[in-house]
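Structure first, then comments.
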Amino acid sequence: MSSDSLPTRYDPESFEGRWYSKWESSGAFSPTLEGDRPPFCIVIPPPNVTGVLHIGHALQFTLQDLIIRWRRMQGYDALWLPGTDHAGIATQVMVERQLAKEGTTRQALGRDRFLERMWQWKEEHKDNISRQAKALGSSCDWSRERFTLDDGLSRAVRRAFVTLHSQGLIYRDQRLINWCPRCHTALSDLEVVHKEQQGRMWDFAYPLEDEGEIVVSTTRPETMLGDTAIAVHPADGRYSGLVGFHAIHPFLDRRVPLIADAELVDPEFGTGAVKVTPAHDPNDFQTGKRHELEFINILDNEGKINDAGGQFAGQDRFAARTAVVQALKAKGLLRGERPHEMAIGHCQRCDTIVEPLLSRQWFVDAKPLAEKALEVVRDGRVKVVPDFWVATYEHWLENIQDWCISRQLWWGHRIPAFTCAQGHLLVCEEDPDSCPTCGQAVEQDPDVLDTWFSSGLWPFSTLGWPDETEDLKRFYPTSVLITGFDILFFWVARMIMMGCHLTGEVPFHAVHLTGLVRDASGDKMSKTKGNTIDPLEVVSEYGADAVRFTLAALASPGRDLPLDIRRMEGYRAFATKVWNAARFVQMKLEGDEQPLGDLSPADLGPAERWILSRLAHTVRSVNRAWECYRFDEGCHELYHFVWHAYCDWYLELAKGVTDRREVRSVLRGVLLEALKLLHPVMPYITEEIGHHLGHEEMLILTRYPDPDGRWEDNELEADFSALQELVAGLRSYRAMVGLSQRHPIAVTLVGVDEHRAGFLTSQTDQLEQLAAVASIRLGTAPAQAIHELLGGMEVALELPPGSLGEDQLVRLQKQIEQLDRNRAGLEGRLSNSSFTAKAPPEVVDGARQQLAEVTTRLERLRQTIEASAG
RNA sequence: AGGCGCGUAGCUCAGUUGGUUAGAGCGCAUCCCUCACACGGAUGAGGUCCGCGGUUCGAGUCCGCGCGCGCCUACCA
């Protein structure tokens with residue numbers, strides 16, 4: 001226990017690191033594994049191991065930590081499992097870039113030495129992420145930290161691959177895939193980013209074998225080198241006589257058959273004739289299969305025309321495009337050229353234009369997995385927050401295509417498939433010594449798996465799967481996943497597919513999808529724009545608590561977060577406010593204060609009962625907010641309670657009476673409860689203040705406040721609002737009239753019911769202190785008094801003679817106008833027979849009462865004006 | 001092309017199952033360095049809730065259409 005006084009200045013840097021170490025070394029981050037505590041588990045969306053955290057990570061870390069700390073304080077056996085992802089392409093690209101600077105390549109280095117470099121790079125960078133996570137206060141269990149290429153997780157990947165393969169859900173096939181000519185690897189459909197671009201469309205003619213020509217259109221003229229058919233619609237009269245005949249390829253020694261295909265061809269489009277390149281276009285690929293056409297690959301892995309391209313061989317695809325157009329022109333076959341808007345696929349990682357390429361790859365048959373994944377979301381076993389994402393999720397899964405999972409990279413999980421010289425294929429968990437069929441030596445498939453394949457196993461592979469570990473039994477399915485909506489398909493859907501299929505259970509009971517952190521003007525943050533915010537920088541500038549509070553308060557469900565740095569200043573001011581309030585309280589304490597639990601409403605004054613009632617409501621709504629991931633609401637509730645209820649009102653009321661023990665007890669007790677409530681959002685400052693106030697247990701381990709109906713007192717709160725409004729009204733009135741705030745005013749309550757009036761007149765000391773009320777009574781107004789409408793009460797104020805100025809008359813007039821509008825509206829409604837007949841009786845009664853009150857007030861106010869005029 | 005989301009105060013956003021007088025934070029203006037806090041206090045100005053139509057006694061809230069913005073999905077040559 002410490003009673004040394006809080007420093008005057010709030011200086012987060014002076015204690016943040018200290019508390020983090022204390023928490024960590026106390027074991028608070030690790031679950032206790034005690035059986036009577038319900039488990040609660042979050043697995044972290046693993047950041048790229050060699051990456052740097054951006055503010056979006058900070059958001060997710062904050063929200064995860066908020067939830068995990070809250071649940072831990074509620075008594076759950078909480079585990080937040082951290083880790084990182086090897087991020088195949090992204091990381092490999094970084095190291096390759098480094099090699100390029102050294103004037104070498106991975107091929108020159110060879111696979112083994114290249115991988116050594118990769119691991120070295122990983123080792124150098126791996127602490128980046130955890131250091132940043134720790135600075136933010138993340139209460140992860142570092143003893144359970146995982147990396148996707150760890151032995152355990154690699155074993156999980158192998159088990160998953162072998163299982164799916166044995167079930168026929170993973171297969172190898174020659175297909176059209178997305179090929180990145182720069183990364184030299186296949187990509188899944190999701191890794192291709194479509195961008196609307198202004199392209200061109202060319203028309204050119206194929207001369208027919210006998211006579212005449214047929215005109216086709218294309219956006220990629222170079223692909224004509226791989227054309228093996230020309231298709232027309234079977235019902236198209238223009239071409240019906242030509243089907244079965246051949247055209248002559250202008251540059252290659254090839255006859256090109258004319259075929260009829262109703263699926264490929266839209267007779268309304270262009271000339272109604274389509275060139276067919278089965279090896280380089282997805283539609284044409286299907287057409288090729290239907291018609292058993294020849295598949296001619298004209299590109300190499302670099303995106304250059306290969307030998308099949310005749311005179312164009314060796315040219316880059318874009319150079320070849322120009323060359324083909326030129327050559328067509330030279331032969332007099334070019335028929336037209338026009339601008340054409342179209343969506344072009346780019347590599348997600350390097351932005352190179354992706355090429356559809358015929359290639360032998362490994363695929364996951366996604367449909368059967370998708371069915372289960374759809375089911376668990378539809379029946380609520382996985383709750384999606386916000387739920388409007390369900391539609392998007394369903395649409396994608398309902399139309400899911402098979403997933404290409406092999407990558408021609410070196411950094412990743414090597415595909416556990418082996419072949420011998422005889423061509424026997426072996427897919428197994430343990431590396432075989434030789435082919436079990438023929439006994440010959442085997443070679444492993446050189447490719448690695450898509451990173452997302454291993455990420456898809458993350459919620460259970462990190463807990464020990466495929467072993468039946470204690471952790472897996474206790475914490476799986478995990479409780480909630482918190483991540484960005486941008487990886488809904490990449491990651492979330494795949495975890496659900498893989499989890500349901502491989503473990504028979506959902507990977508998490510709920511998934512909360514956060515928005516994107518944008519800059520102050522709503523633009524996406526990017527390094528090129530230079531509008532990024534470095535989490536570590538803002539943490540050291542504003543303190544981790546302010547950064548966390550800002551992000552959490554901004555996190556409205558399903559919305560992006562426009563982050564203005566000034567918000568952080570604002571919430572640092574909030575932290576400072578808490579700090580100073582605590583200093584005040586600490587100053588007043590005498591050491592004999594009782595815990596709130598020992599107090600009973602009967603022993604307390606109205607102000608104490610009021611703040612305790614407000615506290616109880618706040619506890620209720622904050623818990624409710626966390627419960628449904630309304631981080632914004634929870635933060636606003638807390639902000640409002642601490643600043644505008646506790647500091648603005650209660651502290652001011654308590655100032656004069658801290659000699660009373662129960663006042664000090666409430667002062668301290670409410671502050672401590674507020675600190676506990678705030679702890680999940682602002683762990684450091686709350687812990688530091690709690691310690692200084694003599695709270696022995698660390699807040700991280702303290703029970704989170706539960707709603708306590710004992711303190712809720714709505715009647716008192718209504719009385720208290722009247723008091724507040726009276727005080728505010730008097731201040732406002734003085735300001736308007738130009739009277740000093742200290743100038744005493746005698747108050748007569750005129751149109752106020754007895755109960756309320758009784759309360760207010762009992763609060764003379766408080767009213768004197770807060771609003772310099774000279775006296776207050778219920779009764780008829782003195783002749784010279786000025787009638788004011790304050791907080792819905794009619795009060796008469798006695799002022800020095802002649803103090804009713806022009807400004808005030810204007811203000812009264814304004815009030816009258818507003819009331820009169822109100823009156824007219826009420827009268828109109830009440831005279832409408834359909835309103836009185838159809839609206840619920842309590843609404844009608846309410847309107848009647850209001851009208852009566854408004855009418856009286858209007859009268860009084862008019863009298864006041866007249867009196868002052870006369 | 002389809003789907004989703006958004007359009008409320010100068011800015012960024014809340015607004016529960018429709019209940020009539022629409023809120024917050026920041027910013028702005030005026031006053032105040034009162035013994036926790038100027039990263040503060042008090043007061044105030046500021047809104048045709050995108051437009052039109054409909055349902056209803058009553059619409060920021062529900063429905064339709066339109067306009068604008070954003071995002072996702074998509075194989076149209």
Side-chain angles (χ1 to χ4, degrees), chain A residues 6 8-10 176 189-190 194 201 203 216-220 223 231 264-266 269-277 281-286 340 342-343 356 386 388-392 394-396 399 485-486 488-489 516 518 520-522 542 546 553-554 556 558-564 566-567 569-588 630 632-633 636 639-640 644 647-648 651-652 655 728 731-736 738 740-742 792 818-819 821-822 825-826 828-829 832-840 842-844 846-847 850 854:
Chain A
L6 285 159
T8 323
R9 208 170 65 88
Y10 165 58
L176 214 52
D189 295 344
L190 284 178
H194 292 274
M201 172 101 87
D203 303 324
V216 295
S217 307
T218 182
T219 54
R220 294 186 296 157
T223 62
L264 179 72
V265 183
D266 172 6
F269 190 95
T271 60
V274 186
K275 62 188 272 309
V276 184
T277 323
D281 181 277
N283 289 314
D284 296 3
F285 178 77
Q286 296 301 333
H340 182 71
M342 54 187 189
F388 61 73
W389 284 111
V390 171
T392 308
E394 287 183 346
H395 180 260
W396 187 71
N399 298 288
F485 70 87
D486 50 321
L488 177 61
F489 305 141
L516 210 65
R518 296 170 174 279
S521 43
Y542 301 100
L554 243 33
S556 294
R559 293 196 76 124
D560 286 346
L561 294 78
L563 179 58
D564 191 328
R566 281 176 302 182
R567 293 295 290 257
E569 288 173 23
Y571 290 123
R572 181 184 53 190
F574 175 62
T576 307
K577 187 77 182 175
V578 175
W579 186 264
N580 284 311
R583 282 178 52 228
F584 170 79
V585 170
Q586 193 187 33
M587 229 174 222
K588 301 292 180 188
R630 286 304 303 259
D632 56 336
E633 279 185 2
H636 293 145
Y639 184 95
H640 185 263
H644 299 304
C647 292
D648 285 354
L651 238 47
E652 294 305 322
K655 266 181 186 169
R731 286 171 180 165
S732 165
Y733 180 77
R734 285 197 184 86
M736 199 57 87
S740 152
Q741 291 295 344
R742 312 290 278 276
Q818 200 194 332
L819 275 174
R821 252 179 283 134
N822 198 354
L826 286 163
R829 238 183 310 152
N832 182 344
S833 59
S834 47
F835 172 69
T836 47
K838 292 185 187 173
E842 61 271 21
V843 173
V844 178
Q850 272 187 50
V854 165

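All chains are named by letter (A, B, ...) in the order of the sequence lines, taking the proteins before the strands, and each is independently numbered beginning at 1.
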Separation between the P atoms of B/A1 and B/U12, rounded to whole Å: 29 Å

With the side chain defined as heavy atoms from C-beta on, A/R572 is closest, among B/C39, B/G19, B/C76, to B/C39

For a quick check of understanding: with a heavy-atom distance under 4.0 Å over all strands, which category does A/F285 fall into, base, sugar-phosphate or nothing? nothing

In Watson-Crick or G-U wobble terms, both distances under 3.5 Å, what is the partner of B/C28? B/G44

A/W396 CH2 - B/C71 P separation (whole Å): 21 Å

Tell me what A/A231 touches on the nucleic acid: a base, only sugar-phosphate, or nothing, going by heavy atoms under 4.0 Å. nothing

Please report, rounded to the nearest Å, how far the P atom of B/C75 is from the CG atom of A/D266. 17 Å

Which base sits across from B/A74 as a Watson-Crick or G-U pair, both distances under 3.5 Å? none

Report which part of the nucleic acid A/R829 touches: base, sugar-phosphate, or nothing (heavy-atom distance under 4.0 Å, all strands). base

Which residue, A/L826 or A/D632, contacts RNA chain B at a nucleotide closer to its 5' end, judged by nearest heavy atom? A/D632

By the Watson-Crick or G-U definition, both distances under 3.5 Å, B/G5 is matched with B/C69

Using 30° and 60° as the class boundaries, would you call the ring planes of A/W579 and A/Y10 parallel, tilted or perpendicular? tilted

Salt-bridged, A/E569 to A/R566, with N to O below 4.0 Å? no

Provide the distance between the two P atoms, one in B/C49 and one in B/A9, to the nearest whole Å. 9 Å

Is the closest side-chain donor-acceptor distance between A/S217 and A/K275 under 3.5 Å? no

Considering every strand and a 4.0 Å limit on heavy-atom distances, what is the contact class for A/F574: base, sugar-phosphate, or nothing? nothing

Output the single nucleotide from B/C13, B/C37, B/A14 whose closest atom is nearest the side chain of A/R630. B/A14

Suppose you measure atom C1' in B/U16 against the same atom in B/U34; what distance do you get, rounded to whole Å? 41 Å

Check every strand shown and say whether A/P356 touches a base, only sugar-phosphate, or nothing at a heavy-atom separation below 4.0 Å. nothing

Taking B/C69 as the reference, what is the distance to B/C76 when you measure between their C1' atoms (whole Å, please)? 27 Å

Quick check for you: among B/G7, B/C57, B/C37, whose closest atom lies nearest to any side-chain atom of A/R559? B/G7

Students often get this wrong, so: under 4.0 angstrom with heavy atoms, is A/E394 touching a base, only sugar-phosphate, or nothing? nothing

Quick one: label A/K655 by what it contacts on the DNA or RNA (base, sugar-phosphate, nothing), any heavy atom closer than 4.0 Å. base

Among B/G5, B/A36, B/C57, the one nearest any side-chain atom of A/F388 is B/G5

Show, in sequence, the C-alpha distance, side-chain angles and deciding distance for A/D632 and A/R559, and conclude whether the salt bridge (charged side-chain N to carboxylate O under 4.0 Å, His left out) test is met. CA-CA 11 Å; A/D632 56 336; A/R559 293 196 76 124; over 6 Å; no

With both distances kept under 3.5 Å, what pairs with B/C13, Watson-Crick or G-U wobble? B/G23

Tell me which nucleotide among B/A36, B/U73, B/U43 gets nearest to the side chain of A/C647. B/A36

Which value, in whole Å, describes the distance between the C1' atoms of nucleotides B/U55 and B/C65? 15 Å

Of B/A36, B/G25, B/C13, the nucleotide closest to the side chain of A/R567 is B/G25

Measure across A/F485 and A/D560 and return the closest heavy-atom pair with its distance rounded to 0.1 Å. CE2-OD1, 3.9 Å

Considering every strand shown, what is the Watson-Crick or G-U wobble mate of B/U61 when both distances are under 3.5 Å? none

Centre-to-centre under 6.0 Å for A/Y571 and A/Y542, is that the case here? no

Of B/A36, B/G41, B/C57, the nucleotide closest to the side chain of A/D648 is B/G41

What distance, rounded to whole Å, do you find between the two C1' atoms, one in B/U20 and one in B/C28? 31 Å

Sorted by position of nearest nucleotide on RNA chain B, 5' first, the leading residue of A/S556 and A/N580 is A/S556

Mate of B/U55 across any strand shown (Watson-Crick or G-U wobble, both atom pairs under 3.5 Å) is none

Closest to the A/Y639 side chain, choosing from B/C57, B/G25, B/A36: B/G25

Starting at atom NE2 of A/H644, determine the distance to atom P of B/C37, rounded to an integer number of angstrom. 19 Å

What is the nucleic acid contact for A/H395, judged by heavy atoms within less than 4.0 Å: base, sugar-phosphate only, or nothing? sugar-phosphate

What's the closest nucleotide to the side chain of A/A735 if the choices are B/U43, B/C4, B/C75? B/U43

Rounding to a whole Å, what distance do you find between A/R742:CZ and B/U34:P? 10 Å

Tell whether A/S834 reaches the base of B/C57 with its side chain through a donor-acceptor pair below 3.5 angstrom. no

So does A/E652 reach the base of B/A36 with its side chain, donor to acceptor, closer than 3.5 Å? yes

What distance, rounded to whole Å, do you find between the two P atoms, one in B/U61 and one in B/G18? 12 Å

Just checking A/L516: base, sugar-phosphate only, or nothing, at a heavy-atom cut-off of under 4.0 Å? nothing

Atom CD of A/E842 to atom P of B/U20: distance rounded to whole Å? 13 Å

A/L264 versus A/N283, closest heavy-atom pair with distance: CD1-CB, 3.6 Å

Quick one: look up who B/C35 pairs with, Watson-Crick or G-U, both distances under 3.5 Å, and put none if it's unpaired. none

Work out how far the C1' atom of B/G15 is from that of B/G7, and round it to whole angstrom. 15 Å

Tell me whether the side-chain N/O atoms of A/T836 come closer than 4.0 Å to OP1 or OP2 in B/C57. no

Residue A/P282, side-chain heavy atoms: nucleotide from B/A36, B/C71, B/C75 that is nearest: B/C75

Say you draw a straight line from OG1 of A/T392 to CZ of A/F489; how long is it, rounded to the nearest 0.5 Å? 6.0 Å

Could you state the CZ-C1' distance from A/R731 to B/C32, rounded to the nearest angstrom? 13 Å

Take the protein atom CH2 of A/W389 and the nucleotide atom P of B/C72, then report the distance between them rounded to whole Å. 9 Å

Considering all heavy atoms, the nearest A/N580-A/T8 contact: OD1-O, 4.0 Å

When you compare the side chains of A/R829 and A/N832, does any donor N or O come within less than 3.5 Å of an acceptor on the partner? no

What's the NE2-C1' distance between A/H194 and B/A74, to the nearest Å? 8 Å

For a quick check of understanding: with a heavy-atom distance under 4.0 Å over all strands, which category does A/L651 fall into, base, sugar-phosphate or nothing? base

